[in-house]
Amino acid sequence: VTVCRRFVAEVYRGGMATPQGISLDYIKIESSRFGRNAFIATVSKALVPFVSPVTFNWFGEDLLTFLASNEQKVRNCGVNADVSIHFPVSEQNNWDSLLLWGKAQIISDTLGREQLWDKMGYDCNLFEPGGPSAETHVFMQVRLHKGLILRRYGIDGREVWRREA
């Protein structure tokens with residue numbers, strides 16, 4: 001596993017690395033080791049932190065998630081779009097951590113929902129039988145600006161990606 005990870009890192013550093021370190025493509029490949037479930041942290045208007053589980057899918061360079069319209073994280077992003085995302089650490093991923101930071105945009109209009117309806121990698125109708133015209137669900141699209149991989153909680157090193165300005 002470690003040899004394979006180093007090989008992938010070298011391939012993605014060669015020609016696709018940013019001046020700051022690893023590339024977003026490398027972050028996307030690494031995220032597959034953690035699965036599609038993660039925890040997202042938002043902050044309320046009263047500055048109360050809120051962390052909750054979500055299922056993500058990559059949508060180009062962004063992360064996309066499908067949420068009920070009335071969720072706290074949706075309300076929080078209405079007042080503060082800054083979010084952080086942490087993928088679960090486990091023995092299966094060698095105790096590595098993947099943390100991401102970005103700005104969330106809530107897509108709540110029918111046209112936006114129609115354009116994203118088939119982008120989650122599962123059938124959104126299972127959670128919203130009313131289809132994309134139903135206002136009870138929205139999409140959150142997160143434009144990432146930083147990613148951090150900590151190898152074994154940082155003991156074996158850290159790799160950083162930052163979006164160039």
Side-chain angles (χ1 to χ4, degrees), residues 18-90 93 95-150 153-154 158-165:
T18 65
Q20 298 86 6
I22 60 176
S23 69
L24 179 58
D25 286 335
Y26 182 65
I27 292 282
K28 289 168 77 171
I29 287 172
E30 281 291 289
S31 74
S32 67
R33 293 190 311 114
F34 295 87
R36 293 185 26 187
N37 298 316
F39 293 93
I40 188 165
T42 61
V43 179
S44 73
K45 185 177 183 178
L47 302 178
V48 176
F50 181 76
V51 177
S52 64
V54 290
T55 298
F56 280 105
N57 200 26
W58 284 100
F59 181 64
E61 293 188 345
D62 299 342
L63 284 175
L64 189 64
T65 189
F66 184 61
L67 307 168
S69 306
N70 62 356
E71 291 187 41
Q72 182 67 47
K73 58 188 152 279
V74 173
R75 290 193 300 276
N76 287 353
C77 288
V79 293
N80 183 350
D82 292 319
V83 298
S84 62
I85 300 157
H86 186 248
F87 289 81
V89 176
S90 71
N93 57 38
W95 307 112
D96 292 348
S97 300
L98 174 59
L99 298 97
L100 304 169
W101 291 266
K103 288 213 177 273
Q105 175 186 3
I106 302 299
I107 292 92
S108 58
D109 62 300
T110 300
L111 179 60
R113 287 190 300 264
E114 285 173 352
Q115 292 173 340
L116 298 172
W117 199 252
D118 64 346
K119 306 298 188 240
M120 283 303 301
Y122 59 79
D123 184 2
C124 291
N125 291 297
L126 294 171
F127 301 96
E128 180 49 77
S133 61
E135 295 182 1
T136 53
H137 280 79
V138 298
F139 286 91
M140 178 190 290
Q141 186 171 345
V142 179
R143 183 67 170 179
L144 301 172
H145 58 79
K146 183 179 176 184
L148 172 64
I149 299 170
L150 297 174
Y153 292 107
R158 55 188 289 137
E159 297 166 284
V160 179
W161 165 79
R162 285 188 176 84
R163 183 173 301 282
E164 295 180 28

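Computed from a predicted model, the values in this text were never measured in an experiment.
How far OG of S23 is from CH2 of W161: 9.5 Å, rounded to the nearest 0.5 Å. In this structure, OG1 on T55 lies 11.5 Å from CG on L64, to the nearest 0.5 angstrom. Atom CH2 of residue W101 and atom CG of residue L144 lie 10.5 Å apart, to the nearest 0.5 angstrom. To the nearest 0.5 Å, atom CG of residue L148 and atom CD1 of residue I22 are 8.0 Å apart. Here CZ of F139 is found 9.0 Å from CG of L67. Values are rounded to the nearest 0.5 Å. Atom CZ of R75 sits about 10.5 Å away from atom OG of S69, to the nearest 0.5 Å.
Using a 4.5 Å heavy-atom threshold, the side chains of I85 and L98 count as separate. Counting heavy atoms from C-beta on, the side chains of C77 and V83 come closer than 4.5 Å. A heavy-atom distance below 4.5 Å is found between the side chains of L100 and F87. For the pair D109 and I107, the minimum side-chain heavy-atom distance is below 4.5 Å. Between T42 and Q72, every side-chain heavy-atom pair lies at or beyond the 4.5 Å cut-off.
For V138 against S108, the heavy-atom pair with the smallest separation is CG1-CB, 3.7 Å. I29 approaches S32 most closely through the heavy-atom pair O-OG, 2.6 Å. For S44 against V79, the heavy-atom pair with the smallest separation is C-CG2, 4.1 Å. Nearest heavy atoms, S97 versus F34: C-CZ, 4.1 Å. Closest heavy-atom contact between V89 and D96: CG2-O, 3.5 Å. When all heavy atoms are compared, the tightest approach of N125 to G131 is OD1-CA, 3.8 Å.
Using the six-membered ring where Trp is involved, F127 and Y122 have ring planes that are perpendicular, over 60° apart on the 30 and 60° scheme. Ring geometry for W117 against F66 counts as perpendicular: the plane angle is over 60°, on a 0 to 90° scale with 30° as the lower cut.
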Task: Stepwise side chain to side chain contact (heavy atoms under 4.5 Å, CB included) test for W58 and L63 - done: CA-CA 5 Å; W58 284 100; L63 284 175; 3.6 Å; yes
- [ ] Could you walk me through whether I40 and M140 pass the side chain to side chain contact (heavy atoms under 4.5 Å, CB included) test, one step at a time?
- [x] CA-CA 11 Å; I40 188 165; M140 178 190 290; 3.6 Å; yes
TODO: Check the pair F56 / S31 against side chain to side chain contact (heavy atoms under 4.5 Å, CB included), numbers first and verdict last.
DONE: CA-CA 10 Å; F56 280 105; S31 74; over 6 Å; no
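Note on residues 78-88: pairs passing side chain to side chain donor-acceptor pair (under 3.5 Å), not counting sequence neighbours, are D82-K103. Applying the salt bridge (charged side-chain N to carboxylate O under 4.0 Å, His left out) definition to pairs two or more places apart or across chains, those involving residues 119-147 are E61-R143, D62-R143.
With R158 contributing its side chain and I149 its backbone, the two residues share no donor-acceptor pair below 3.5 Å. A donor-acceptor pair under 3.5 Å is absent between the side-chain atoms of N76 and the main chain of P49, judged by distance alone.
Each of H137, R113, Q115 was evaluated against P132; a single residue qualifies, R113, per the side chain to side chain contact (heavy atoms under 4.5 Å, CB included) test.
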